[in-house]
Amino acid sequence: MSEQVEHLIRKEYAAGFHTAIDTDTLPPGLNEDVVRFISAKKNEPEWLLEWRLQAFRAWLEMDEPNWAQLNYKAPDYQSISYFSSPKSMEDRPQSLDEVDPKLLETYEKLGIPLHEQEMLAGVAMDVVFDSVSVVTTFREKLSEAGVIFCSISEAVEKYPALVQKHLGSVVPQKDNYFAALNSAVFSDGSFVYIPKGVRCPMELSTYFRINEQNTGQFERTLIVAEEGSHVSYLEGCTAPMRDENQLHAAVVELVANDNAEIKYSTVQNWYPGDEDGKGGIYNFVTKRGVCHTRAKISWTQVETGSAVTWKYPSCVLRGDHSVGEFYSVALTNNYQQADTGTKMIHIGKNTRSTIISKGISAGKSQNTYRGLVRMNPGADGARNYTQCDSLLIGDRCGAHTFPYIESKNPSAVIEHEATTSKVSDDQMFLCQQRGLDPEKAVSMIVNGFCREVFKELPMEFAVEAGKLLEVSLEGSVG
Amino acid sequence: MLRIENLCARVEEKEILKGLNLHVKPGEVHAIMGPNGAGKSTLGSVLAGREAFEVTAGSVAFQGKDLLDLDVEARAHLGLFLAFQYPVEIPGVSNMEFLKSSVDAVRKARGKSDLSSVEFMKLAREASKKVKLDQAFLKRGVNEGFSGGEKKRNEILQMMLLEPSLCILDETDSGLDIDALQTVADGVNAMRSPDRSFVVVTHYQRLLDYIVPDYVHVLAGGKIVKSGDKSLAKELEAKGYSWLDGEVA
């Protein structure tokens with residue numbers, strides 16, 4: 001069986017290619033001038049420059065966190081370039097026809113034909129290519145509903161009051177090392193605003209892609225859902241093959257006001273490094289949402305890429321009766337390392353949270369779930385249910401679970417279940433005896449293991465996620 | 001159909017099969033009986049190609065091909081089906097999805113066109129009716145939370161859909177009550193045809209009242225020590241296996 005695993009694990013990264021486009025790239029290095037350059041390049045108001053500089057100064061005083069179950073060489077922050085934008089994009093294209101054909105080609109290779117997506121899926125795309133938003137579709141349809149969906153740079157220009165009010169309100173500049181770095185140098189990202197009582201008429205989707213060598217990506221996403229509104233947002237990522245490690249430190253902030261609901265789904269497939277553990281993306285992400293009264297935030301993530309993942313999408317359940325959910329599939333193969341989980345902070349009364357985490361380890365990878373459930377003194381009647389399942393493929397990988405539980409309210413109820421299992425020889429034998437090849441068999445078993453999470457994904461992406469798992473697993477049986 | 005010559009196999013360091021011979025012609029039903037630890041289940045596993053079993057000597061020809069040279073799935077494609085004694089669960093994978101994938105894979109290997117979902121559903125419903133498995137089971141995870149009897153009926157359901165040419169039933173009767181036994185036997189009997197053969201491995205004569213074999217073999221000490229027609233099974237039932245001790249040695 002192990003030979004089959006080897007073979008499966010050795011398939012090459014399907015999305016590995018590089019598009020040659022001239023870029024306006026800052027030389028490597030980080031200092032206050034770089035922060036000022038980025039801010040000036042984007043015509044930002046004075047308050048935002050100040051905000052960035054505060055973050056930068058705070059970052060200088062901070063240490064890179066080392067508590068995670070991760071073993072990697074810390075990036076050299078001075079060897080990274082902190083700004084790049086495709087040159088041909090100096091003038092924003094008004095339609096897809098005006099987009100650099102090479103860019104479009106890139107998307108085609110990734111299986112994201114914009115034309116088709118426009119027509120068939122009804123998905124509005126805010127495509128981030130390196131650090132600058134290239135094209136935004138379906139803007140009109142959304143604006144009819146009063147929904148704002150644009151790049152954060154554009155939002156700073158057009159809706160400065162909204163941005164100023166909410167930026168950093170959930171993840172403060174000094175929250176942590178990577179959030180501080182992001183706050184200082186964030187290049188672009190998405191901004192979503194759903195007005196009171198509006199149900200966003202379509203799924204909002206952003207594809208991120210890292211393209212420039214040595215260019216750190218520092219996306220900043222801000223989603224604000226006003227009272228009684230509803231939005232479903234999907235981000236998907238894939239990056240070209242590369243030898244050097246690339247740093248990614250994104251920040252996502254969600255604000256769900258009273259009775260609002262935000263569903264945030266992620267399919268992440270960045271270059272994980274080769275079979276010897278060389279290269280791959282370093283992914284240090286801070287994602288957090290705050291729920292006001294009876295609001296709900298649901299995080300769903302399918303994490304298959306990156307060499308190193310450090311990511312804990314969290315919910316601050318501030319309002320009474322608010323709900324937080326976290327559904328996660330994290331798959332690691334070869335030498336990948338993932339330390340991921342969530343934090344559910346129960347502040348309001350009768351708040352509820354659900355955590356379903358599925359970790360799959362293959363090859364020589366290490367996969368860690370790390371989660372915090374905190375019941376504050378005021379969280380009367382709060383409830384949490386956590387289910388944490390690990391699946392091992394082969395005998396050279398590791399699965400770890402670190403659940404932190406803090407209950408300061410005697411009426412709060414916390415349930416935690418955890419299992420660890422292996423893809424068994426018996427299961428493989430059954431599948432193969434019924435005519436399935438080993439690759440299909442593993443993929444089917446793993447997909448079954450992840451079912452509870454996949455059913456939380458928007459329909460059109462659930463299939464994609466299944467396929468992604470299949471590709472990522474190539475080279476793993478036990 | 002199947003020609004086993006001097007088959008020897010071991011698990012880890014333990015020799016289990018020690019020179020087994022068996023010839024099965026198309027349309028025949030062979031019963032393999034024998035005491036515990038005789039190697040009955042090993043036979044099925046070796047034929048199906050389970051990795052833990054190492055063939056140390058002998059040959060197996062199936063449909064004119066060297067069976068031992070083929071991968072597990074290639075043997076399945078060629079028409080070999082093993083109904084498991086202890087069917088394993090695959091949580092989260094719906095029975096329907098599993099069956100469809102299996103049937104697709106096998107049909108593809110046999111050069112047949114894909115069945116549409118509608119065609120497949122129809123076949124699956126018919127088959128589940130035959131084995132008296134409620135259609136709700138098609139939507140449940142493979143064997144997930146099934147009772148012993150339900151698992152066995154699910155095996156027969158898979159057998160019906162995959163249309164194998166050689167069916168090996170590994171103690172399919174174990175843990176079945178009389179009604180379930182009847183259902184399973186009805187399913188098997190309905191599949192009997194001039195070009196399909198069966199090797200029925202069982203510990204008890206009881207199953208052979210329902211699935212009447214053409215030949216009965218006694219497997220003891222890793223080889224066939226006695227062969228006969230169905231009356232041999234009755235004799236074994238009456239006398240036990242100990243009277244064969246001399247032949248084992």
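Below, chains carry the letters A, B, ... as their sequence lines are ordered, and counting in each starts from 1. Owing to the predicted nature of the structure, the values given are computational and were not obtained by experimental measurement.
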key: Test log, rule ring-ring contact (aromatic ring centres under 6.0 Å, His included), inputs A:Phe429 and B:Phe84   = CA-CA 10 Å; A:Phe429 185 55; B:Phe84 292 91; 5.6 Å; yes
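- Both the backbone and the side chain of A:Cys431 have a heavy atom closer than 4.5 Å to some heavy atom of chain B.
- Residue contact with chain A, scored on non-hydrogen atoms closer than 4.5 Å, involves the backbone and the side chain of B:Arg50 alike.
- In this structure, chain A has no heavy atom under 4.5 Å from any part of B:Tyr86.
- A:Asn447 does not touch chain B: none of its heavy atoms, backbone or side chain, sits under 4.5 Å away.
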request  = List the steps and the verdict of salt bridge (charged side-chain N to carboxylate O under 4.0 Å, His left out) for B:Glu5 and B:Arg3.
outcome  = CA-CA 6 Å; B:Glu5 306 281 1; B:Arg3 197 169 187 91; 3.1 Å; yes
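- Taking the salt bridge (Lys or Arg N to Asp or Glu O under 4.0 Å) definition, one finds that B:Lys151 meets it with B:Glu89, sequence neighbours left out.
- Both the backbone and the side chain of B:Leu82 come within less than 4.5 Å of a heavy atom of chain A.
- The most heavy-atom pairs under 4.5 Å with chain A, out of B:Val106, B:Val142, B:Val93, B:Leu162, come from B:Val93.
- A search for side-chain contact (heavy atoms from CB on, under 4.5 Å) contacts involving A:Tyr335 returns A:Lys364, not counting sequence neighbours.
- Checked against the 6.0 Å centroid threshold, A:Phe326 and A:Trp299 do not count as a close aromatic pair.
- Within the cation-pi definition used here (under 6.0 Å to the ring centroid, within 45° of the axis), A:Lys287 does not qualify as a partner of A:Tyr312.
- At a 4.5 Å heavy-atom cutoff, B:Leu99 makes no contact with chain A through either its backbone or its side chain.
- Proximity to chain A (any heavy atom under 4.5 Å) is shown, for B:Ala48, by both the backbone and the side chain.
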